[in-house]
Amino acid sequence: MTTETTPAPNFIRNQVREELEGGQVASIVTRFPPEPNGFLHIGHAKSICLNFGLAEETGGQCHMRFDDTNPAKEEQVYIDAIKADVNWLGFEWAGPVRFASDYFDQLYAWAQHLVREGLAYVDDLSPDEIREYRGTLTEPGTPSPYRERDADESLDLLERMRQGEFAEGGRVLRAKIDMASSNINLRDPILYRIRHATHHQTGDNWHIYPSYDFTHGQSDAIEGITHSLCTLEFEDHRPLYEWFLHNLPVPARPRQIEFARLNLNYTLTSKRKLKLLVDEGIVDGWDDPRMPTISGMRRRGYTPASIRKFCDMVGVSRSDSGLVDIAMLTHAIRSDLEDNAPRAMCVLRPLKVVLTNVADDFEETYDVAGHPARDDMPVRKVPLTRELYIDHHDFMEEPPKKFFRLAPGKEVRLRNSYVIRCDEVIKDDAGEVVELRCSVDFDTLGRNPEGRKVKGVLHWVSAVHGIPVEVRLYDNLFTVEQPDRDKDADFFDHLNPESLITCRAIAEPSLAGTAPETRFQFERVGYFCTDRYASTPEKPVFNRTVGLKDTWAKIRKKG
RNA sequence: UGGGGUAUAGCCAAGUGGUAAGGCACCGGUUUUUGGUAUCGGUAUGCGCAGGUUCGAAUCCUGCUACCCCAGCCA
């Protein structure tokens, strides 16, 4: 873990600190409450960092609680993945993993309590009828004909709902609040609905399941959560959250505080839409390196520290129009890897170079530092032979101005080795450049040539000792900043056809035997990480996490 | 045209009556055997708009405007 600075101030953190200092609370308890219906993404990382970070920072606790009230959408695989993601990010929850379903008995008892108090009733209206009775944004709703039903009858019906006596959609339990409320959430919200589904935690024990609104606040209360942090779209639910706490004999009074969710350009941060990409086979699973999921980013080569740093950079506020520039994310990972990734040379698009003024069996091996600014990384052996490879992109037959890479008659420094000059260009029948014949200036090892400046430095790999590796170049999945901006247009229309390009590359021999999930900087190219699953020490597969900044590309674009 | 929110630079964001932090991006200089890194400097006479209060306003008041969320038996 790299050193982390004091978290930036934000309104939640400020409030918590004031309460702590003022003695309103002795210590805080937060919670991270995902529904296990998909993988966690970068937006969840923001919430995780906020909830766990706040607890950590103040000596409080953060619970891990699955909000598992909808068995139709939830699966055990998601539970496992979510737990692994949170741990990988570097956080530990206090106590056991909790489930809202742990509280189903208590919740049911509280539902009965509300019925007895005349604050809830079983409604026989159909889903369509309920919608009609609810009214609209500008028109009040109409009370259900079952609203004043006898408490005993509701109690009996509720129990029979629980036993599985009725069909799905046949009946619901509703709170009796205010059908004319300007806040639609208060127009007799649904507390329980019938679902004849097997639940991943409770099996077939239940035929009714509580709604989010009836579950969340009370679960918070049961666990002694002091601060229940959620996103802005739940703001309208807060009066309901508080209504339950007020009308039920709950053991504590948690408070809900909302913050703005994270939006990233060129990225989808919606579990539902990410699931579509997976289901449609656009990507290779939830943890495809192009996915903004935590596990996808992990596979891509992001570090936990870089994701935490990103969340800290982004901050926490209530501004809701926010669209964060993905450049912030790439900055976070680059700065981590700049400091911590060992260097290596790897040629992505090999172009053969033959050194003409050395013997056929010429060979020199250099001891090269693993990292230019750190001496704790092992020195690697880098061999130079008569034949070697450079990257095709580093040669131009007719170079534009300011191109200080290789071109006919021009000189260039081979990184960690000599200056060479391109004397001859060999082409195949199709006119493609297939080989360069170059001469070595033997006076330039470890020192600059006399009387002239050689500005270009190229990475290279010995043709004799280099090892073949697979390199996967990943880029944004979408070509537009807001792929899901248009409500009716399909975000599938904005897919980037070049989000994955595979190269058969040649790497320096020190990369042989690299274990999965090892990170490197390929000098002059970018940061790479061996794939967790596809890479083996025998056949390494490198995923590009992010490229190095490319000033030359910028100059060229400008013309 | 109901209710709930939000507006500070291209982007994120601090700031809660005392004269606009910081980061990203961008532009320029220096260093450099990675066109990387590092380092130095530049970038809001201005805080959605218009009034008002005040010695003093991004902060308080009034009135506008724009955008986001809500009519699932999803969370």
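Chain letters run A, B, ... following the sequence lines, proteins first and then strands; every chain starts at 1.
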Side-chain N or O of [X] closer than 4.0 Å to phosphate OP1/OP2 of [N]:
| X | N | result |
| --- | --- | --- |
| A:His331 | B:rC24 | yes |
| A:Ser317 | B:rA13 | yes |
| A:Arg13 | B:rA14 | no |
| A:Arg195 | B:rG72 | no |
| A:Ser211 | B:rG72 | no |
| A:Lys309 | B:rG23 | no |
| A:Arg187 | B:rC70 | no |

Answer with base, sugar-phosphate or nothing: what part of the nucleic acid does [X] contact at a heavy-atom distance below 4.0 Å?
| X | value |
| --- | --- |
| A:Gly526 | nothing |
| A:Leu329 | nothing |
| A:Asn416 | base |
| A:Thr69 | sugar-phosphate |
| A:Glu139 | nothing |
| A:Phe404 | base |
| A:Val316 | sugar-phosphate |
| A:Leu323 | sugar-phosphate |
| A:Arg415 | base |
| A:Gly315 | nothing |
| A:Asn14 | sugar-phosphate |
| A:Pro127 | base |

Original post:
Does A:Arg413 get its side chain close enough to the base of B:rU33, under 3.5 Å, for a donor-acceptor pair?
Top reply: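 Yes, the side chain and the base share a sub-3.5 Å donor-acceptor pair.
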Original post:
Is a donor-acceptor pair below 3.5 Å formed from side chain A:Asp236 to base B:rG3, judging by atom type as modelled?
Top reply: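 Such a pair exists between side chain and base.
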Taking salt bridge (Lys or Arg N to Asp or Glu O under 4.0 Å) as the test, write out the residues that go with [X], two or more places apart.
| X | value |
| --- | --- |
| A:Glu19 | A:Arg255 |
| A:Lys176 | A:Glu148 |
| A:Asp188 | A:Arg147 |
| A:Arg415 | A:Glu523 |

Could you list the residues that satisfy side-chain hydrogen bond (donor to acceptor under 3.5 Å, both in side chains) with [X], not counting sequence neighbours?
| X | result |
| --- | --- |
| A:Gln218 | none |
| A:Asp394 | A:Arg405, A:Arg524 |
| A:Ser181 | none |
| A:His207 | none |

Original post:
Does the ring of A:Tyr212 meet both stacking tests against the six-membered base ring of B:rA75: centre distance under 5.5 Å and plane angle under 30°?
Top reply: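 Answer is no, no stack.
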Determine the interatomic distance between [atom1] on [N] and the same-named atom on [M]; round to the nearest Å.
| N | M | atom1 | result |
| --- | --- | --- | --- |
| B:rG22 | B:rU62 | C1' | 34 Å |
| B:rG17 | B:rC69 | P | 33 Å |
| B:rG29 | B:rG10 | P | 24 Å |
| B:rA13 | B:rG28 | P | 28 Å |

Polar-atom pairs under 3.5 Å, protein N or O versus N or O of nucleotides 5-9 of chain B: list them with distances, or write none.
| from | atom 1 | to | atom 2 | distance (Å) |
| --- | --- | --- | --- | --- |
| B:rG5 | O3' | A:Arg318 | NH2 | 3.1 |
| B:rG5 | N2 | A:Asp320 | OD2 | 3.1 |
| B:rU6 | OP1 | A:Arg318 | NE | 3.0 |

**OP:** Output yes when a side-chain donor or acceptor of A:Arg374 lies under 3.5 Å from a complementary backbone atom of A:Ala369, and no otherwise.
**Re:**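 No, because the side chain of A:Arg374 does not come within donor-acceptor range (under 3.5 Å) of the backbone of A:Ala369.
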Original post:
If only atom types and distance count, is the side chain of A:Arg318 paired as donor or acceptor with the main-chain N or O of A:Glu258 below 3.5 Å?
Top reply: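 Present.
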Original post:
Once the angle between the rings of A:Phe32 and A:His44 is folded into 0 to 90°, is it parallel (under 30°), tilted (30 to 60°) or perpendicular (over 60°)?
Top reply: perpendicular
**OP:** For RNA chain B, find the residues of residues 172-180 of chain A with a heavy-atom distance under 4.0 Å and give them by number; none if there aren't any.
**Re:**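 The answer is A:Val172.
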Each nucleotide N or O in nucleotides 37-41 of chain B that has a protein N or O under 3.5 Å away: list the pair and distance.
| from | atom 1 | to | atom 2 | distance (Å) |
| --- | --- | --- | --- | --- |
| B:rU37 | O2' | A:Glu338 | OE2 | 2.8 |

Original post:
Under a 90° cut-off about 0 for the syn range, is B:rG72 syn or anti?
Top reply: syn
**OP:** For salt bridge (Lys or Arg N to Asp or Glu O under 4.0 Å), just list the numbers for A:Lys275 and A:Asp279, CA-CA rounded to whole Å, side-chain angles, deciding distance to a tenth of an Å, and then say yes or no.
**Re:** CA-CA 6 Å; A:Lys275 187 169 192 303; A:Asp279 291 345; 2.9 Å; yes
**OP:** Output all residues satisfying ring-ring contact (aromatic ring centres under 6.0 Å, His included) with A:Phe244, sequence neighbours left out; order by chain, then residue number.
**Re:** A:Phe214
